[in-house]
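Worksheet: one structure, shown below.
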Amino acid sequence: MKIGIAASRFNQFIVEQLLEGALDALKRNGIEESDIVLAWVPGAFELPVLAETMAASGKLDAVITLGAVIRGGTPHFDYVAGECAAGVREAGQKHGVPVTFGVLTTDTIEQALERSGSGEGNKGFDVAIAAIETARVLAQTRQALSALSSD
């Protein structure tokens, strides 16, 4: 299985923890480091275009997006989080490739740290597992559909 990871540098100290969780999940599921393409963009708003490029390549079985958008005192959070989520969803739907949403959208840094912690509290781990599972289900479904007779 070949996996793309699109990561945001904004709030990088949190995203790096999400990345560690995602890489741990991939490794535990037998995915070699050489089968992972990791790329960084400046912020969460830029994640959809990177996810789109990865999904469109035809070379990846799934794409994982990682980022952290933390609410501030202005409506900027709503625009960034909303557009990021919509763009990530669209990239997967357009290309039929699982694109998982590992972008934390929290009110506080403390909440983001809780969700990027070690073990089961790491949402990077969770979205990597979701990417693997969805890629496998899609492959099995496509195989079953292609085996159907066209009568």
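No hydrogens, no waters, no symmetry mates; every other heavy atom, side chains included, goes into these values. Numbers here are sequence positions counted from 1.
Judged by distance alone, with hydrogens and angles left aside, the side-chain atoms of Asn122 form a donor-acceptor pair with the main-chain N or O of Phe125 at under 3.5 Å.
A heavy-atom distance below 4.5 Å is found between the side chains of Ile14 and Leu104. For the pair Phe13/Leu113, a side-chain contact is recorded, criterion being any heavy-atom separation below 4.5 Å from C-beta on. Residues Leu26 and Asp35 fail the side-chain proximity criterion, which asks for heavy atoms closer than 4.5 Å. Between Phe45 and Ser8, every side-chain heavy-atom pair lies at or beyond the 4.5 Å cut-off.
Among all heavy-atom pairs drawn from Val80 and Ala44, the shortest one is CG1-CB, 4.1 Å. When all heavy atoms of Ala135 and Ala62 are compared, the pair lying nearest together is CB-CB, 4.3 Å. Scanning all heavy atoms of the two residues, the minimum distance from Leu66 to Ala22 falls at CD1-CB, 4.3 Å.
Side-chain contact of Arg115 with Gln111: a donor-acceptor pair under 3.5 Å is absent, judged by distance alone.
Taking hydrophobic clusters as Ile, Leu, Val, Met, Phe, Trp and Tyr residues chained together by side-chain heavy-atom distances below 4.5 Å, Ile3 does not share a cluster with Leu138. Linking ILVMFWY residues whenever their side-chain heavy atoms come closer than 4.5 Å, directly or via other members, leaves Leu18 and Ile129 in distinct clusters.
Rounding to the nearest 0.5 angstrom, the gap separating the CG atom in Leu50 from the CH2 atom in Trp40 is 11.5 Å. Here His95 contributes atom NE2 and Thr53 contributes atom OG1; the two are 8.0 Å apart, rounded to the nearest 0.5 Å. The structure places CD1 of Ile132 at 4.0 Å from CD1 of Ile31, a figure rounded to the nearest 0.5 Å. Atom CD of Glu33 and atom NZ of Lys27 lie 9.0 Å apart (nearest 0.5 Å).
Heavy atoms of other residues, nucleotides or ligands lying less than 6.0 angstrom from CD of Glu133 number 12 at most.
Salt bridge annotation for Asp61-Lys2: absent, with no cationic side-chain nitrogen under 4.0 angstrom from a carboxylate oxygen. Ion pairing of Lys123 with Asp126 is present here, as a side-chain N (NZ or NE/NH1/NH2) and a carboxylate O approach within less than 4.0 Å.
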